[in-house]
Amino acid sequence: MSAGLQGAIESAPVTRLHEHRSYDPADFAVPTGREEEWRFTPLRRLRGLHGEAPLPSAKVTVEVDPAPEVNTFSAERASGQLGRTFIPADRVSARAYAAFDEATVIVVPAQAEASRPTIVTVTGQGTDGAAFGHLLLQAEPNSRAVIVLDYRGSATYADNVEIVVGDGAALSVVSLQDWADDTVHLSQHYATLGRDAKLRHTAVTLGGAVVRLAPSIRYDGPGGDAELTGLYFADAGQHLEHRLFVDHDVPNCRSRVSYKGALQGEQAHAVWIGDVLIRPEATGTDTYEYNRNLVLTDGTRVDSVPNLEILTGEIVGAGHASASGRLEDEHLFYLMARGIPFTEARRLVIRGFFGLLIDTIEVPELRDRIARAIEGELTKSLPGVQR
């Protein structure tokens with residue numbers, strides 16, 4: 001682990017950090033920043049999303065372009081369809097659940113195989129007030145689908161994304177946070193995997209002033225397989241935070257976590273928390289988590305905290321790794337020695353750093369869009385280029 005990492009120790013066991021849950025915001029104290037789960041988050045920049053005071057309403061639109069095989073509709077909280085597979089894990093999540101007006105529900109019918117991705121576009125209409133949302137993504141047994149969540153525009157927004165993967169189903173969810181520079185977004189993704197279910201969850205965070213995304217995984221039957229990948233690029237003044245929790249409480253399940261980020265500019269801040277809990281009953285668990293950060297300029301901060309708690313010795317494997325550092329000189333020298341200019345060599349090395357993760361995204365247009373966005377980011381940290 002690089003000495004450039006700060007705050008790389010959590011002060012409480014994973015079990016204790018994730019034991020308190022409630023649908024009622026009042027059951028959570030207003031965060032002060034001293035709590036383990038809030039100590040890296042800039043509370044003063046959250047525009048009151050974590051507080052008690054009422055907030056003026058703002059508009060965020062949700063539009064769905066479903067695959068032909070996929071069903072989509074709206075549902076109210078009282079419908080009984082929402083909140084059955086999760087209980088909010090923090091005050092903002094509980095506030096979002098209590099405050100949303102109408103949820104968007106996407107259902108992949110049993111045995112169906114979607115012929116193309118379903119695109120959900122969430123667009124902020126301004127930061128004069130706050131908005132709250134809820135999405136339910138449900139893959140029924142033995143179905144196959146890809147769902148893209150595309151966040152854009154300007155907003156002060158908190159939402160919950162409820163992901164249910166039925167027995168034998170395979171679901172890929174790509175969440176792209178491509179907000180305008182003035183956005184504050186706090187989001188919890190709660191995923192439940194059935195027997196022999198597979199979930200690939202990809203988080204790509206490029207925009208926003210403050211973004212805090214917290215995916216969590218729980219298993220509802222043996223044989224569940226979760227792949228969580230992420231990519232983020234923090235510019236000057238941006239705070240990008242990803243907090244993951246994988247709760248192994250069922251035998252013979254698998255999880256893999258792989259996140260990569262880059263930072264550039266004064267006060268760019270990236271936070272990655274990877275909590276994995278293997279409970280006593282989760283024999284046969286196979287898990288590994290990895291985070292790597294590439295620092296491109298001075299003045300940035302990285303907090304990377306992998307945390308693994310194992311409560312049974314009967315596992316297939318468990319491990320974690322975390323590293324942070326600058327571009328390796330030998331890689332640049334190798335390319336420059338072959339006549340490649342510094343700027344191009346630097347671009348090639350960084351493209352390679354992110355390339356494997358981008359290639360796992362199952363939507364070609366999205367791969368191209370993300371690659372172009374990263375190319376654009378790279379120009380900002382070159383000498384003589386102003387943000």
Side-chain angles (χ1 to χ4, degrees), residues 7 9-58 60 76-78 82-101 103 129-136 155-163 175 177 183-192 203 208-218 239-247 249 269 271-277 279 303 305 307 309:
I9 298 176
E10 287 194 310
S11 60
V14 176
T15 42
R16 193 185 311 165
L17 289 172
H18 297 276
E19 65 186 1
H20 182 49
R21 294 174 181 263
S22 175
Y23 293 105
D24 186 354
D27 288 339
F28 298 92
V30 175
T32 65
R34 292 187 294 270
E35 304 84 358
E36 180 61 40
E37 60 269 34
W38 291 103
R39 67 185 174 112
F40 296 118
T41 308
L43 298 177
R44 293 182 180 179
R45 299 176 62 186
L46 299 188
R47 300 176 186 155
L49 286 173
H50 64 301
E52 294 179 315
L55 300 173
S57 296
V60 170
E76 296 182 352
R77 188 182 303 99
L82 309 171
R84 292 185 297 178
T85 61
F86 83 99
I87 302 174
D90 64 35
R91 181 178 176 84
V92 177
S93 177
R95 191 174 191 183
Y97 187 77
F100 78 86
D101 292 323
F132 301 93
H134 192 99
L135 295 172
L136 170 59
T156 301
Y157 190 55
D159 69 338
N160 294 302
V161 179
E162 192 175 354
I163 303 169
S175 183
Q177 288 67 238
T183 292
V184 172
H185 181 208
L186 279 70
S187 184
Q188 291 268 3
H189 290 201
Y190 299 97
T192 302
V210 176
V211 176
R212 173 177 152 132
L213 176 63
S216 64
I217 302 291
R218 61 174 295 271
H239 177 94
L240 305 182
E241 181 170 347
H242 299 84
R243 309 183 67 92
L244 293 88
F245 176 43
V246 182
D247 188 353
D249 61 350
H269 188 192
V271 178
W272 180 86
I273 309 294
D275 287 344
V276 177
L277 172 60
R279 298 184 187 268
D303 291 290
V305 188
N307 198 21
E309 185 174 352

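All residue numbers refer to positions in the sequence shown, counting from 1.
- Between Leu49 and Val92 the shortest heavy-atom distance is O-CG2, 3.7 Å.
- Leu82 is not listed as a side-chain neighbour of Asn160, based on a closest heavy-atom distance of 4.5 Å or more.
- Between atom CZ of residue Arg39 and atom CD1 of residue Ile273 there is a gap of 7.0 Å, rounded to the nearest 0.5 Å.
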Kindly indicate, with the supporting measurements, whether the criterion side-chain contact (heavy atoms from CB on, under 4.5 Å) is fulfilled by Phe245 and Leu277. CA-CA 8 Å; Phe245 176 43; Leu277 172 60; 3.9 Å; yes
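- Distance alone, capped at 3.5 Å, is enough to place a donor-acceptor pair between the Thr183 side chain and the Ala155 backbone.
- With salt bridges taken as basic N to acidic carboxylate O contacts below 4.0 Å, none links Asp90 and Arg243.
- Nearest heavy-atom pair, Ala99 versus Phe132, reported as atom, atom and distance to 0.1 Å: CB-CD1, 3.6 Å.
- The side-chain heavy atoms of His185 and Gln177, taken from C-beta on, include a pair separated by under 4.5 Å.
- When atom types are taken as modelled, the side chain of Arg21 and the backbone of Ile87 share a donor-acceptor pair closer than 3.5 angstrom.
- Remark: Arg91 fails to qualify as a cation-pi partner of Trp38 under the 6.0 Å distance and 45° angle criteria applied to the six-membered ring.
- When side chains are defined from C-beta on, Thr41 counts as touching Leu46, because their heavy atoms get closer than 4.5 Å.
- Within the 3.5 Å criterion, the main-chain N or O of Leu135 finds no donor-acceptor partner in the side chain of Glu162.
- The structure places CZ of Arg44 at 10.0 Å from NE2 of His50, a figure rounded to the nearest 0.5 Å.
- Around atom CG of Asp101, no more than 12 heavy atoms belonging to other residues, nucleotides or ligands sit under 6.0 Å away.
- We find the CZ-OG1 distance between Arg84 and Thr192 to be 11.0 Å, quoted to the nearest 0.5 Å.
- For the residue pair His189 and Ser175, the shortest heavy atom distance occurs at CE1-OG, 3.5 Å.
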When you look at Arg279 and Asp247, which way does the side-chain contact (heavy atoms from CB on, under 4.5 Å) test go after all the steps? CA-CA 8 Å; Arg279 298 184 187 268; Asp247 188 353; 2.8 Å; yes
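- For the residue pair Tyr190 and Ser93, a side-chain donor N or O sits within less than 3.5 Å of a side-chain acceptor on the partner.
- Ser187 and Asp159 make their closest contact through OG-OD1, 2.7 Å (heavy atoms, listed as atom of the first residue, atom of the second, distance).
- Side-chain atoms of Ser216 and Gln188 form no donor-acceptor pair, as typed in the model, at a separation below 3.5 Å.
- Judged by distance alone, the side chain of Thr32 and the main-chain N or O of Arg34 form a donor-acceptor pair under 3.5 Å.
- Note on ring orientation: taking the six-membered ring where Trp is involved, the planes of Phe40 and His269 are perpendicular (angle over 60°, cut-offs 30° and 60°).
- Aromatic rings of Tyr97 and Tyr23 (six-membered ring for Trp) have centroids within the 6.0 Å cut-off, being under it.
- A search for side-chain hydrogen bond (donor to acceptor under 3.5 Å, both in side chains) contacts involving Asp27 returns Ser22, not counting sequence neighbours.
- Side-chain contact between Val271 and His239 is present, with heavy atoms from C-beta onward closer than 4.5 Å.
- For the pair Arg77 and Phe100, the cation-pi criterion (under 6.0 Å, within 45° of the ring axis) is fulfilled.
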